[in-house]
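First comes the structure, then the notes that go with it.
Remember, predicted model here, so these are calculated numbers, not experimental data.
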Amino acid sequence: MQTATISRLHEHAGGEVTIRGWLSAKRSSGKIRFLILRDGTGQCQCIVEASHADAFETADRLTLESSCILTGTVRPDDRAPGGCELDVTGIEILHIAEEYPISRKAHGIDFLMNHRHLWLRSPRQTAILRIRHTIIRAARGYFDDAGFTLIDTPILQPGAAEGAATLFPVDYFGEEVYLAQTGQLYLESACMALGNVYCFGPTFRAEKSKTRRHLTEFWMIEPEITFADLPVLRHHAEQMTTRILRDVLEHHRDDLASMGRDTAPLEAITPPFPVLTYTEAVDLLHSEKVRSWLEGDLADKEKQLAACREELAEAVESLGTAKKAWQKEKAEQQIRSLEEHVRELETDIEHRRHHMSDASAFEWGRDFGGDEETILSRQFDKPLFVTGYPREVKAFYMKRNGQDPRVVENMDMLAPEGYGEVIGGSIREDQLDVLLERMKEENMDPEPYQWYLDLRRYGSIPHGGFGLGIERTVSWMCGLKHVRETIPFPRLLGRMTP
RNA sequence: UCCGGCGUAGCUCAAUGGUAGAGCGGGUGGCUGUUAACCACUAGGUUGUAGGUUCGAGCCCUACCGCCGGAGCCA
């Protein structure tokens with residue numbers, strides 16, 4: 001007797017095997033029972049006929065999410081979702097589950113988040129988490145293959161690398177320290193020892209942001225590259241992104257399809273990616289091209305809204321003709337989701353009206369907000385690099401541009417389809433006096449940074465790096481509306497459990 | 001922090017200021033190929049909390065709590 005995983009069940013066609021897992025669904029019809037077993041590798045429909053009296057009786061005792069061991073014969077069958085079925089001859093119960101709170105019907109987000117530990121078992125969530133794994137492996141694989149050394153940077157840190165207002169304080173034996181918001185400063189040190197390095201770990205931001213793009217705890221992969229200039233940084237960002245796209249598309253066709261992700265926009269992405277300087281981006285925002293695009297986009301949305309309202313009217317009508325209670329319920333559910341869609345489109349349209357005035361009125365020197373990012377990235381069907389932001393809106397360690405001292409040598413990479421910033425990076429300021437001057441401008445006390453400044457005292461070199469936000473990347477690849485589904489246990493403003 | 005919306009059965013939601021309901025899920029029974037199966041029966045409620053208005057409040061008013069959406073903030 002062989003034990004098999006569901007994903008490899010087809011290899012045992014005709015043979016007798018044992019599979020172990022959880023009951024994810026059960027249907028019955030007279031003298032036949034259909035058990036859908038889930039084992040983490042896949043789902044399999046298992047048939048129990050009354051002729052196997054023991055198994056048949058046991059099948060009736062299984063509740064949703066009960067764990068069990070099934071023995072039976074593997075039979076390829078087109079009627080089965082996975083292509084294979086198991087004709088069950090024996091059932092061993094491991095545990096009879098209590099009434100499972102998550103049904104196959106609709107649930108609200110609050111309920112699902114409160115049951116995140118169980119919600120993870122649903123097919124959509126497992127698909128997302130598998131893709132997350134592939135993205136992390138691809139990103140790390142890219143740097144591993146390119147000869148980078150993995151460096152683990154500390155999570156407990158004495159001070160701020162970015163704005164101090166967004167740090168989580170921790171009581172460290174009576175001293176206030178902070179959770180890391182980047183590994184960068186430490187990574188720069190390691191870079192001077194080992195050459196090209198990268199870190200991968202959690203980072204923490206105490207921003208009171210309640211948006212679909214923010215978590216208070218999220219994961220970043222950050223390379224730091226010796227003797228680099230901006231084109232080198234962009235090259236690595238581009239190649240890493242391409243590698244991630246390739247691996248996700250190669251290994252997750254089914255997962256992406258199961259969550260309704262249209263892969264065409266992902267497949268269309270090939271290097272090179274477009275590049276704009278900040279100044280060019282501001283000009284683009286002011287341009288006739290963007291103005292007419294915004295108008296066209298607004299018209300599109302209004303058309304969608306009209307269509308959606310029409311659909312809503314039809315749904316209301318079908319509610320009137322529904323006979324069965326469940327048909328009525330279904331129609332009501334459809335109406336609710338359409339109403340939600342209408343509301344979404346209405347706020348979208350309102351935002352776009354603001355966009356039009358905001359874009360033309362955008363002043364050089366301001367940082368781009370979500371709106372500007374969205375407009376810019378929507379002009380391209382590939383990720384967009386924006387480089388050379390004004391010094392004032394960027395961090396102290398970014399290298400000043402030699403030709404134009406108003407801007408720094410930085411880059412953001414904005415994902416297409418409105419997903420916004422997924423990568424931020426820069427060349428680091430490598431001159432001690434310039435760095436000190438910059439810290440003074442920011443009212444920073446150089447004392448706690450002496451160790452960091454040492455890197456500019458003992459063999460300073462040009463170098464730079466960037467950070468890729470894992471959750472935003474997962475959200476983009478999966479086509480999700482919110483990053484809360486991209487991490488197993490999201491930490492959000494006002495949500496800590498489970 | 002600000003603006004808006006919501007809070008009713010385990011879940012998703014109904015209910016002109018006038019007897020709290022449906023579907024799903026649970027339970028019981030039926031059906032030999034089901035795909036969110038279906039059919040019948042059944043149990044299940046301090047309407048977020050605390051006040052107020054009213055003959056009467058799930059519904060109106062006030063405060064608070066919670067969640068959602070958006071803004072601000074944000075490598």
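Using a 4.0 Å heavy-atom distance criterion, A/T203 is classed as making no nucleic acid contact. Within 4.0 Å of A/E222, counting heavy atoms only, lies at least one base atom of the nucleic acid. Residue contacts for A/H115: at a heavy-atom cut-off of 4.0 Å it reaches no nucleic acid atom on any strand shown. Using a 4.0 Å heavy-atom cutoff across all strands shown, A/R428 reaches no nucleic acid atom at all. Within the 4.0 angstrom heavy-atom criterion, no nucleotide atom of any strand lies near A/G425. As judged by a 4.0 angstrom heavy-atom cut-off over every strand, A/G469 is placed among residues making no nucleic acid contact.
Taking atom C1' on both B/rC59 and B/rU54, the two are 13 Å apart, rounded to the nearest angstrom. Here the separation of B/rU47 from B/rU42, taken at their C1' atoms, is 24 Å to the nearest Å. When the P atom is used for both B/rC73 and B/rA15, the distance is 39 Å, rounded to whole Å. For the C1' atoms, the distance from B/rG17 to B/rC3 is 30 Å, rounded to whole Å. Rounded to a whole angstrom, the distance from the C1' atom of B/rG27 to that of B/rU19 is 27 Å. Distance check on atom C1': B/rA36 versus B/rC11 gives 14 Å, rounded to whole Å. For the P atom pair drawn from B/rA43 and B/rC6, the interatomic distance equals 33 Å after rounding to whole Å. Remark: the separation of the P atoms in B/rG26 and B/rC68 is 28 Å, to the nearest Å.
Remark: C1' of B/rG27 and CG of A/L62 are 17 Å apart, rounded to the nearest angstrom. When rounded to the nearest whole Å, the span between CG of A/D371 and C1' of B/rG70 equals 11 Å. One atom, CD1 of A/I102, and another, C1' of B/rG10, lie 12 Å apart when rounded to the nearest Å. Between the CG atom of A/D60 and the C1' atom of B/rU34 there is a distance of 14 Å, given to the nearest Å. Rounded to whole angstrom, the span from the CZ atom of A/R104 across to the C1' atom of B/rG23 amounts to 17 Å. Look at CE on A/M113: it is 7 Å from P on B/rC68, rounded to the nearest Å. A/E373 places its CD atom 12 Å from the P atom of B/rA71, with the value rounded to the nearest Å. Taking atom CZ on A/R33 and atom C1' on B/rG30, their separation rounds to 10 Å, with Å as the unit.
Between B/rC73, B/rU34, B/rC24, one nucleotide has an atom nearer to the side chain of A/Q45 than all others, and that is B/rU34. With distances taken from any side-chain atom of A/K210 to the nucleotides B/rC68, B/rG33, B/rG26, the minimum falls on B/rC68. Considering only side-chain atoms of A/I47, the nucleotide from B/rC73, B/rC11, B/rG33 that sits closest is B/rG33. Side-chain proximity of A/K105 to the nucleotides B/rG72, B/rG33, B/rC24 is greatest for B/rC24. Checking B/rG72, B/rC24, B/rG33 against every side-chain atom of A/T211, the shortest atom distance belongs to B/rG72. Of the candidate nucleotides B/rG26, B/rC31, B/rC74, B/rC31 has the atom nearest to the side chain of A/S29. With distances taken from any side-chain atom of A/F111 to the nucleotides B/rC11, B/rG69, B/rC68, the minimum falls on B/rC11. In the set B/rG70, B/rC68, B/rA36, B/rG70 carries the atom at the smallest distance from any side-chain atom of A/R212. For A/R27, whose side chain is taken as the heavy atoms from C-beta onward, the closest listed nucleotide among B/rC24, B/rU34, B/rG72 is B/rU34.
Between A/R495 and B/rC68 there is a side-chain polar atom (N or O) within less than 4.0 angstrom of OP1 or OP2. A close approach under 4.0 Å does occur between a side-chain nitrogen or oxygen of A/R484 and OP1 or OP2 of B/rG69.
For A/E85 against B/rG33, a side-chain-to-base donor-acceptor contact under 3.5 Å is present. Taking only distance into account, the side chain of A/S209 meets the base of B/rC73 through a donor-acceptor pair shorter than 3.5 Å.
Pair assignment for B/rU62 gives B/rA50, based on Watson-Crick or G-U wobble hydrogen-bonding distances that are each under 3.5 Å. B/rC11 and B/rG23 make up a base pair, with Watson-Crick or G-U wobble contacts both under 3.5 Å. Here B/rU16 sits opposite no nucleotide as a Watson-Crick or G-U wobble pair (both hydrogen-bonding atom distances under 3.5 Å). In this entry B/rA71 has B/rU1 as its Watson-Crick or G-U wobble partner, both defining distances falling under 3.5 Å. B/rA43 is unpaired under the Watson-Crick or G-U wobble criterion, no partner having all donor-acceptor distances under 3.5 Å.
Nearest-nucleotide positions on RNA chain B for A/P101 and A/T63 put A/P101 closer to the 5' end. Mapping A/L493 and A/I32 onto RNA chain B by nearest heavy atom places A/L493 at the nucleotide closer to the 5' end.
For A/F368 and A/Y278, the gap between ring centers is short of 6.0 Å. Here A/F56 and A/H52 keep their ring centres 6.0 angstrom or further from each other. Ring to ring, A/F111 and A/W119 are not that close: their centroids are 6.0 angstrom or more apart. For A/F148 and A/H236, the gap between ring centers is short of 6.0 Å. Side-chain rings of A/Y198 and A/Y142 stay apart, their centers remaining 6.0 Å or farther from each other.
Between A/E188 and A/R456, at least one side-chain nitrogen of the basic residue sits less than 4.0 Å from a carboxylate oxygen of the acidic one, meeting the salt-bridge criterion.
The number of heavy atoms from other shown groups lying within 6.0 Å of CG (A/D404) is above 12. More than 12 heavy atoms of other residues, nucleotides or ligands lie within 6.0 Å of CG in A/D60, so this atom counts as buried by the packing criterion.
Taking the six-membered ring for Trp and thresholds of 30 and 60 degrees, A/W451 and A/Y186 have nearly parallel ring planes, at less than 30 degrees apart.
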